[in-house]
J.: 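Quick one: the structure is below, questions incoming.
Just so it is clear: chains get the letters A, B, ... in the order the sequence lines come, proteins before strands, and each one is counted from 1.
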Protein chains: 2
Amino acid sequence: MTHPVAGGKTREGKGNCSDCALRQTLICSDVSRSDLATFHSWVDDLAFPPGTVLYHMEAPADGFYCLRSGTVKLVRYSMSGVARIVRILKGGDVAGLEAAFADTFAHTAVAVGEVRACRIPLSRFRHMMRDNPPLQRRLLEKSQQALAEVETWLAELAGGIGAAPARQRLARLLLSLRDGRSDRIHRFSIEDLGGMLGISMETASRILSDLTRQGFLEKCGSGRAERHFRADIAALEKIAVGEAVPA
Amino acid sequence: MTHPVAGGKTREGKGNCSDCALRQTLICSDVSRSDLATFHSWVDDLAFPPGTVLYHMEAPADGFYCLRSGTVKLVRYSMSGVARIVRILKGGDVAGLEAAFADTFAHTAVAVGEVRACRIPLSRFRHMMRDNPPLQRRLLEKSQQALAEVETWLAELAGGIGAAPARQRLARLLLSLRDGRSDRIHRFSIEDLGGMLGISMETASRILSDLTRQGFLEKCGSGRAERHFRADIAALEKIAVGEAVPA
DNA sequence: CGCTAGCTTGAGAGAGTTCAAGAATCGTGG
DNA sequence: CCACGATTCTTGAACTCTCTCAAGCTAGCG
């Protein structure tokens with residue numbers, strides 16, 4: 001039975017780790033079956049409606065989150081108050097792991113669509129990690145993966161010299177937001193797209209309209225449900241590397 | 001006795017881990033004293049002259065490096081061939097750890113000044129890591145630290161909307177390159193400074209000249225030796241947050 | 001059916017790029 | 001020790017991409 005708790009998030013109850021669809025992927029795959037019983041007794045399974053904040057930057061951190069489903073954006077705010085998105089998390093990713101070493105979060109985590117995540121309290125976690133090498137290895141792997149992502153983000157998506165013009169970078173971003181190998185692309189708000197590339201909402205909108213007019217992109221879905229693009233992948237790939245593409 | 005080997009790097013001989021000045025800081029601090037004997041038998045202690053490449057992006061990775069002293073820049077080249085610096089490593093940092101999970105390096109590592117580093121072959125390392133939780137924990141910590149650094153880099157130093165104007169960002173960068181709490185700042189080439197901020201060499205130069213003219217910065221040292229700035233930290237700090245500063 | 005949040009579009013201004021020389025500086029060899 | 005060639009850095013001027021500000025527009029939602 002679902003009931004709402006503070007901040008709009010919803011407690012689904014204690015996690016049922018042994019049934020978790022992500023038991024293979026998620027960090028809990030490194031918890032032995034016998035430990036699992038006690039493990040999930042202190043893991044909260046939470047649901048976050050779109051727009052909810054999982055945690056705030058600078059806030060004292062006493063736990064982190066394993067995403068079961070949905071998408072989360074990690075945001076940093078510049079002194080001028082503009083939001084810059086530094087990373088996108090999907091199911092199977094870990095949010096707020098920095099909590100394990102610093103005592104405050106490095107960014108604000110916001111649910112983009114409906115999100116389900118397990119909250120793992122730090123106190124218990126530290127204890128558990130000490131004598132669980134596979135779990136540590138798994139986390140190191142996740143951390144390295146995140147590192148690789150941000151570096152790519154910085155090198156290929158962020159602006160600056162040598163960086164492609166906005167149109168090219170937007171094409172790259174869209175491709176990286178692609179759903180598997182399909183032609184579906186997760187449709188973020190125009191503002192979020194700007195926040196990821198470091199361009200203004202207006203510029204993002206202009207380019208997007210342009211791409212749509214040329215028939216490379218089609219807006220599908222409406223309301224909160226299933227918003228996405230249907231894209232001409234081949235065309236986007238050409239634009240992404242700077243080739244001129246005929247409509 | 002030092003003799004040169006391929007690529008200009010120099011083999012100093014097998015590492016003497018028990019004497020290493022960084023035994024407390026570096027990852028080897030998690031190798032037990034008894035293991036140390038066999039450990040350092042397969043660790044190479046290398047010296048790299050300025051400008052040497054430790055490893056290339058995309059190259060097959062079979063080991064990684066622990067920096068003992070000196071500075072290394074991690075570079076990515078955009079399709080247009082422009083170098084973008086994604087991270088700066090100093091003594092105690094680990095370079096190329098991604099090798100442990102991917103089989104190719106994520107960037108090119110270049111020695112900025114004279115660099116000394118221990119090369120740790122992957123095969124041995126994997127074996128060693130398996131049953132050494134403290135070492136894993138240490139590496140996870142390093143990885144998280146690197147992640148935090150890149151994210152800050154992206155949010156505060158990279159260009160784009162909401163980002164500060166180049167002058168402000170350069171001031172921040174210089175402060176982050178400061179040597180401890182002194183007024184000395186490691187002096188990178190004008191091209192490298194551009195590469196870090198994603199601005200052109202010309203823009204970097206203009207701003208730097210300006211800062212020098214205003215007396216906030218003084219170029220010291222010459223040749224390859226000891227190039228550095230002597231800076232008016234207080235002034236730079238004001239510029240970094242966007243305050244107007246009188247000369 | 002109207003309201004609000006999100007998106008689109010236009011026009012002008014500015015920060016930073018490019019291209020093109022010129023000035024320093026380095027270290028090398030006579 | 002000084003002269004020379006090669007980097008590396010500086011400076012100027014024109015140009016361009018993207019930002020800003022300011023309206024309109026659209027579409028979901030109550």
J.: Verify the contact: side-chain N or O of T203(A) to OP1 or OP2 of dC19(D), cut-off strictly under 4.0 Å; return yes or no.
T.: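 Yes, such a contact exists.
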J.: What residue among L67(B), V115(B), T71(B), L54(B) forms side chain to side chain contact (heavy atoms under 4.5 Å, CB included) with L89(B)?
T.: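 Of the listed residues L67(B), V115(B), T71(B), L54(B), the side chain to side chain contact (heavy atoms under 4.5 Å, CB included) partner of L89(B) is L67(B).
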J.: Could you go step by step and tell me if R213(A) and D210(A) meet the salt bridge (charged side-chain N to carboxylate O under 4.0 Å, His left out) rule?
T.: CA-CA 5 Å; R213(A) 259 189 298 270; D210(A) 213 47; 3.8 Å; yes
J.: DNA chain D: D210(B) or A204(A), which has the more 5' nearest nucleotide?
T.: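 The 5'-side residue here is D210(B).
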J.: Output the rounded distance in Å from CD1 (I207(A)) to C1' (dC19(D)).
T.: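 One finds 12 Å between C1' of dC19(D) and CD1 of I207(A), rounded.
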J.: Closer to the 5' end of DNA chain C via nearest nucleotide, is it E191(A) or A166(B)?
T.: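 Between the two, 5'-proximity favours E191(A).
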J.: Can you check the R167(A) CZ to dT16(D) P distance for me, whole Å?
T.: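 About 18 Å, once rounded to whole Å.
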J.: Please examine the side chains of D62(B) and R119(B), heavy atoms only from C-beta on, and report whether any two atoms are closer than 4.5 Å.
T.: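 In contact.
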J.: Could you check whether T152(B) and R76(A), counting side-chain N and O atoms only, form a donor-acceptor pair closer than 3.5 Å?
T.: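 Yes - a donor-acceptor pair under 3.5 Å links their side chains.
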J.: Can you tell whether the side chains of E151(B) and R87(A) come within less than 4.0 Å, N to carboxylate O?
T.: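 Counted as a salt bridge, because a side-chain N and a carboxylate O are separated by less than 4.0 Å.
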J.: Rounding to a whole Å, what distance do you find between L170(B):CG and dA15(C):P?
T.: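 Computing the L170(B):CG to dA15(C):P distance gives 16 Å.
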J.: What's the closest nucleotide to the side chain of I190(A) if the choices are dC9(D), dG16(C), dT8(C)?
T.: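 Closest nucleotide to the I190(A) side chain: dT8(C).
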J.: Does R68(B) pair with D45(B) as a salt bridge, N-O distance under 4.0 Å?
T.: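 Counted as a salt bridge, because a side-chain N and a carboxylate O are separated by less than 4.0 Å.
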J.: Examine dT9(C): is either OP1 or OP2 under 4.0 Å from a nitrogen or oxygen in the side chain of R213(A)? Give yes or no.
T.: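 It does, given that an N or O in the side chain of R213(A) lies less than 4.0 Å from OP1 or OP2 of dT9(C).
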J.: Out of dC19(D), dG16(C), dT18(D), which nucleotide sits closest to the side chain of I161(B)?
T.: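 So the side chain of I161(B) is nearest to dC19(D).
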J.: Quick check on contacts: within residues 192-202 of chain A, what sits under 4.0 Å from DNA chain D by heavy-atom distance?
T.: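 DNA chain D contact set from residues 192-202 of chain A: G198(A), I199(A), S200(A), E202(A).
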J.: Could you tell me whether S205(B) contacts a base, only the sugar-phosphate backbone, or nothing, with contacts defined as non-hydrogen atoms closer than 4.0 Å?
T.: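 Base contact - S205(B) has a heavy atom under 4.0 Å of at least one base atom.
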J.: Determine: side-chain N/O of R169(A) to OP1/OP2 of dC17(D), distance under 4.0 Å, yes or no.
T.: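 No, R169(A) has no side-chain N/O under 4.0 Å of OP1/OP2 on dC17(D).
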J.: Can you find a side chain N or O atom of K219(A) that sits less than 4.0 Å from OP1 or OP2 on dT26(D)?
T.: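 So the side-chain polar atoms of K219(A) never come under 4.0 Å of the phosphate oxygens OP1 or OP2 of dT26(D).
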J.: F188(A) has an atom CZ; how far is it from atom C1' of dC7(C), in whole Å?
T.: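 Those two atoms, CZ and C1', are 17 Å apart.
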J.: What I want to check is whether an N or O donor and acceptor connect the side chain of R206(B) with the base of dT18(C) at under 3.5 Å.
T.: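 Such a pair exists between side chain and base.
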J.: Take the protein atom CD of Q168(A) and the nucleotide atom P of dT18(D), then report the distance between them rounded to whole Å.
T.: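 To the nearest whole Å, that distance equals 10 Å.
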J.: Would you check if the distance from the ring center of H107(B) to the ring center of F105(B) is below 6.0 Å?
T.: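 Not close enough - the centres of the two rings lie 6.0 Å or further apart.
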